[in-house]
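Worksheet for the structure shown next.
Naming: A, B, ... by sequence-line order, numbering from 1 per chain.
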Amino acid sequence: MNLFNHYHTLILDIIRRLGARGELPHDLNTSHITVEPPREASHGDLATNVAMVLAKPTGKAPRAIAELVAAELRLIPSVAEVAVAGPGFINITLDANTWQQQLGIILAAGIDYGRSSLGDNTRINVEYVSANPTGPMHMGHCRGAVVGDVLANILAKAGYAVTREYYVNDAGGQVDVLARSVHMRYREALGEAIGDISEGLYPGEYLVPVGQALAKQHGDVYAAAPEADWLRLFKRAAVDAMLALIKADLALLGIHHDLFSSEQAVQDAGRVNDMLAALNTRGLVYTGVLDAPRGHADDTWEQRPLLLFRASQFGDDSDRPLKKASGDWTYFANDIAYHYDKASRSDALINIWGADHVGTVKRIKAAVAALTDKAMPFDIPMVQMVHLLRNGEPVKMSKRSGNFITLAEVVEEVGAGVVRFIMLTRKADSQLDFDFAKVLEQSRDNPVFYVQYAHARICSALRKAQDIDPNVAVTITVPPLETLALLNRPEEIALMRQIAEWPRVVETAAVAREPHRIAFFLSAVAGALHGHWNLGNDDPSLRFLLADNVPLTTARAVLLAAVKQVIGNGLALMGIEPLEEM
RNA sequence: GUGCCCGUAGCUCAGACGGAUAGAGCACCCGCCUUCUAAGCGGGAUGUCACAGGUUCGAAUCCUGUCGGGCACGCCA
């Protein structure tokens with residue numbers, strides 16, 4: 001149960017009651033009322049803007065409303081103190097019991113602490129990675145992969161029915177190029193001296209085994225055969241092999257999709273015609289000509305009649321071609337068909353896209369809006385570039401030789417957990433530096449270390465607590481009230497208050513589609529834990545472990561266990577294994 | 001030329017749906033520290049939230065414009 005939601009509900013009840021008694025008007029719009037932790041801890045545990053929001057519709061002074069509501073709030077047993085402050089904020093301080101009991105709730109819920117029904121089983125489709133199947137994953141794909149995966153985790157936790165989907169672009173020209181590259185490797189495997197891989201083809205070594213396998217399977221049947229004889233076959237073999245590579249790379253990061261959707265399959269199933277029919281019935285297709293794009297030297301621009309979609313009616317800057325002059329479908333048309341298909345089996349769509357696709361956001365949103373009569377929620381969080389550094393110096397990549405920094409190399413060097421965490425230390429749409437040296441540093445300014453260290457430190461303390469009192473392990477599963485009541489120091493209450501925000505953080509991250517909030521929250525909790533821990537240096541009575549005070553040691557072990565649970569739950573959402581010791 | 005994103009402390013960045021005196025880490029200054037896990041801890045100073053208008057009880061947040069930066073932009077995939 002989200003504590004903030006609980007009091008939000010109570011406040012709405014109060015407004016209704018005051019309405020029934022004639023002290024406030026009926027049927028007020030209460031949708032803008034919030035209950036939040038106040039920024040300033042000294043203001044109390046919860047703050048609500050209810051009085052300010054209702055001032056205008058009721059025609060009353062905010063502070064007058066605040067006093068009415070405050071009087072009612074004081075009647076709630078768990079409320080210790082209510083103060084009206086500033087322009088009309090109501091600050092609520094809860095009874096220490098309420099916070100103490102949160103520890104029991106956290107420990108009883110375990111990994112499910114933070115789960116909610118916010119999403120109400122809405123079928124939400126998260127499409128992410130979708131790298132072209134032409135080679136292994138490189139670092140350019142990494143951030144979107146992590147952001148998408150963690151967002152999917154968050155949404156699942158928040159009660160959505162999540163499908164994790166990968167769109168395989170196996171139908172375009174680049175897979176033809178791939179097949180030709182594989183054909184050269186195939187001839188090479190048959191003993192032919194092929195020299196350098198031709199300009200424009202994929203030179204990567206990872207295609208060598210694909211050629212070898214084809215040579216083994218088919219002998220020299222296709223060595224001198226015309227392309228038409230082998231293209232389809234080689235394409236299939238190459239794409240399958242590349243997908244296997246990609247899946248292996250994703251597995252290194254702990255990423256597993258539910259569904260791989262093939263562009264070719266969408267076409268083969270006739271979904272493009274379905275899409276066209278759907279657009280046609282809405283009168284959104286016509287044959288016309290496009291103006292030349294501005295800002296380019298456009299001597300070569302030819303106005304040709306094309307089949308166009310009226311994207312401009314749905315917020316795009318211009319209408320967009322569905323067919324090329326050649327009569328072939330455009331990539332865009334296939335993409336719409338795919339999205340139409342996704343929409344038919346979802347209640348909401350999310351695409352995680354790299355920043356290089358910003359230019360196409362409007363048109364795909366226009367298409368989805370058109371095909372679903374604007375009924376389909378569709379978010380496209382954009383993921384910015386990652387700059388790879390080593391000790392502050394940019395890592396050089398030689399494109400010429402086809403050497404990218406691969407995801408596998410990076411995971412091998414620093415570990416999957418570190419990669420995943422660092423990818424979430426910035427908002428997705430701002431650029432991110434990834435410094436191989438810094439991410440492994442053991443210091444305060446490395447958030448991965450800082451959070452893991454907090455977890456390991458707690459584990460260590462819990463082991464020692466067990467030595468002081470062998471019953472600790474049992475007590476922390478269902479802590480008795482008299483044990484919890486010993487946790488009444490302000491510093492302890494502050495820590496409880498902080499971890500009790502976890503369910504709210506999950507919901508916020510889900511609604512805002514912002515996984516980085518989890519990482520930031522964990523850093524804050526780790527900071528609070530370390531800070532609290534250090535208090536014990538100056539004041540030994542604040543240490544967690546007190547050999548001469550078994551009841552208090554046990555109680556504090558309960559607090560530690562709850563913090564550990566919350567950090568562990570956060571890391572689990574991020575797909576990171578928490579460390580027991582380090 | 002057009003579109004999207006961005007502009008917050010010296011640096012790197014947080015700051016859903018408008019809320020109180022705008023925060024964190026680093027760097028800087030001053031102390032402390034050999035410990036319940038050590039890779040440090042405590043305190044201090046630091047802002048025209050790019051600029052100018054507007055909306056309102058209230059704006060870093062919303063709207064308009066200007067300036068500055070990044071990315072993208074043909075029937076490629």
What contact category does A/Glu36 fall into here, base, sugar-phosphate, or nothing, at under 4.0 angstrom with non-hydrogen atoms? base

Atom CZ of A/Phe521 and atom P of B/rA16: how far apart are they, to the nearest Å? 16 Å

Are OP1 or OP2 of B/rC75 and a side-chain N or O of A/Arg320 less than 4.0 angstrom apart? no

Partner of A/Leu440 under side chain to side chain contact (heavy atoms under 4.5 Å, CB included), chosen from A/Asp435, A/Val414, A/Asn446: A/Val414

Between B/rA16 (C1') and A/Arg517 (CZ): distance, integer Å: 5 Å

With a 4.0 Å limit, can you tell me whether A/Arg363 has a side-chain N or O closer than that to the phosphate oxygens OP1/OP2 of B/rG3? no

Separation between the P atoms of B/rA59 and B/rA52, rounded to whole Å: 15 Å

How about A/His516 and A/Phe520: are their ring centroids closer than 6.0 Å? yes

For nucleotides B/rG7 and B/rA60, find the distance between their C1' atoms and express it as a whole number of Å. 11 Å

Hey, what are the protein-to-nucleotides 7-13 of chain B N/O distances that come in under 3.5 Å?
{"from": "B/rU12", "atom 1": "O2'", "to": "A/Arg426", "atom 2": "NH2", "distance (Å)": "2.5"}
{"from": "B/rC13", "atom 1": "O5'", "to": "A/Arg426", "atom 2": "NE", "distance (Å)": "3.3"}

OP1 or OP2 of B/rC5 under 4.0 Å from side-chain N/O of A/Lys362: no

Taken to the nearest whole Å, CG/A/Leu522 to P/B/rA14 is 17 Å

Just checking A/Ala325: base, sugar-phosphate only, or nothing, at a heavy-atom cut-off of under 4.0 Å? base

Hey, are A/Arg320 and A/Asp316 close enough for a salt bridge, meaning a charged N less than 4.0 Å from a carboxylate O? yes

So which atom in A/Arg513 and which in A/Leu151 form the shortest heavy-atom distance, rounded to 0.1 Å? CA-CD1, 3.7 Å

With heavy atoms under 4.0 Å as the rule, sort A/Gly173 into base, sugar-phosphate or nothing. sugar-phosphate

Picking from B/rA77, B/rU37, B/rA39, which would you name as closest to the side chain of A/Lys324? B/rA77

Criterion side chain to side chain contact (heavy atoms under 4.5 Å, CB included) against A/Gln264, the qualifying member of A/Asp170, A/Val175, A/Asn334, A/Val239: A/Asp170

Any base atoms under 4.0 Å from A/Thr34, or only sugar-phosphate, or nothing? Heavy atoms, all strands. base

Rounded distance in Å between the P positions of B/rC63 and B/rC11: 28 Å

At 4.0 Å (heavy atoms only), tell me whether A/Lys323 reaches a base, stays on the sugar-phosphate, or touches nothing. nothing

Minimum-distance nucleotide (side-chain atoms of A/Phe89 versus B/rG3, B/rA77, B/rA20): B/rA20

Nearest-nucleotide 5' precedence on RNA chain B, A/Tyr453 against A/Thr508: A/Thr508

Considering only side-chain heavy atoms of A/Ser460, which listed nucleotide, B/rA39, B/rA20, B/rU37, is closest? B/rU37

Over how many whole Å does the gap from A/Asn5 atom CG to B/rC17 atom C1' extend? 14 Å

Can you tell me how far C1' in B/rC13 sits from the matching atom in B/rU55, rounded to whole Å? 30 Å

Where the side chain of A/Val358 is defined as all heavy atoms beyond and including C-beta, which of B/rA38, B/rC75, B/rA72 is the nearest nucleotide? B/rA72

Going by the side chain to side chain donor-acceptor pair (under 3.5 Å) test, which pairs reach into residues 48-58 of chain A, not counting sequence neighbours? A/Thr34-A/Asn49

With a 4.0 Å limit, can you tell me whether A/His516 has a side-chain N or O closer than that to the phosphate oxygens OP1/OP2 of B/rG15? yes

RNA chain B: A/Pro321 or A/Thr48, which has the more 5' nearest nucleotide? A/Thr48

Just by distance, do the side chain of A/Ser460 and the backbone of A/Ala456 share a donor-acceptor pair under 3.5 Å? no

Want to know the stems of RNA chain B: at least 3 consecutive Watson-Crick or G-U pairs with distances under 3.5 Å, which are they? B:1-7 with B:67-73, B:10-13 with B:23-26, B:28-32 with B:40-44, B:50-54 with B:62-66

From the set B/rG19, B/rC6, B/rC76, return the single nucleotide nearest to any side-chain atom of A/Asp429. B/rC6

Measuring centre to centre across the rings, with the benzene-like ring taken for any Trp, is A/Tyr167 within less than 6.0 Å of A/Tyr338? yes

Name all residues meeting the salt bridge (charged side-chain N to carboxylate O under 4.0 Å, His left out) criterion together with A/Asp45; count only those two or more places apart in sequence or in a different chain, and write none if there are none. A/Arg497

Taking any heavy-atom pair under 4.0 Å as a contact, classify A/Asn169: base, sugar-phosphate, or nothing. nothing

Considering every strand and a 4.0 Å limit on heavy-atom distances, what is the contact class for A/Ala55: base, sugar-phosphate, or nothing? nothing

Under the ring pair (Phe, Tyr, Trp, His ring centres under 6.0 Å) rule, collect the residues that match up with A/Tyr331, sequence neighbours excluded. none

Applying a 4.0 Å non-hydrogen cut-off, can you work out what A/Ala465 is touching in the nucleic acid: base, sugar-phosphate, or nothing? nothing

d(NE2, A/His530; P, B/rA39) in whole Å: 10 Å

Please give the distance between the P atoms of B/rG47 and B/rG10 as a whole number of Å. 8 Å

In whole Å, what separates the P atom of B/rA24 from that of B/rG69? 32 Å

If we take the P atom in both B/rU21 and B/rG25, what is their distance in whole Å? 22 Å

Using the C1' atom in both, what is the distance from B/rU12 to B/rU8, to the nearest Å? 12 Å

Identify whether the distance between the nearest side-chain nitrogen and carboxylate oxygen of A/Lys342 and A/Glu127 falls below 4.0 Å. yes

Considering every strand and a 4.0 Å limit on heavy-atom distances, what is the contact class for A/Ala456: base, sugar-phosphate, or nothing? base

Any side-chain N or O of A/Lys56 less than 4.0 Å from the OP1 or OP2 oxygen of B/rC57? yes

Test of understanding: with ring pair (Phe, Tyr, Trp, His ring centres under 6.0 Å), list the residues that count as partners of A/Phe89, not counting sequence neighbours. none

So, A/Glu507 and A/Arg504, do they make that salt bridge, N to O below 4.0 Å? no

Could you tell me whether A/Arg463 contacts a base, only the sugar-phosphate backbone, or nothing, with contacts defined as non-hydrogen atoms closer than 4.0 Å? base

Categorize A/Arg304 for me: base, sugar-phosphate, or nothing, with a 4.0 angstrom heavy-atom threshold over every strand shown. base

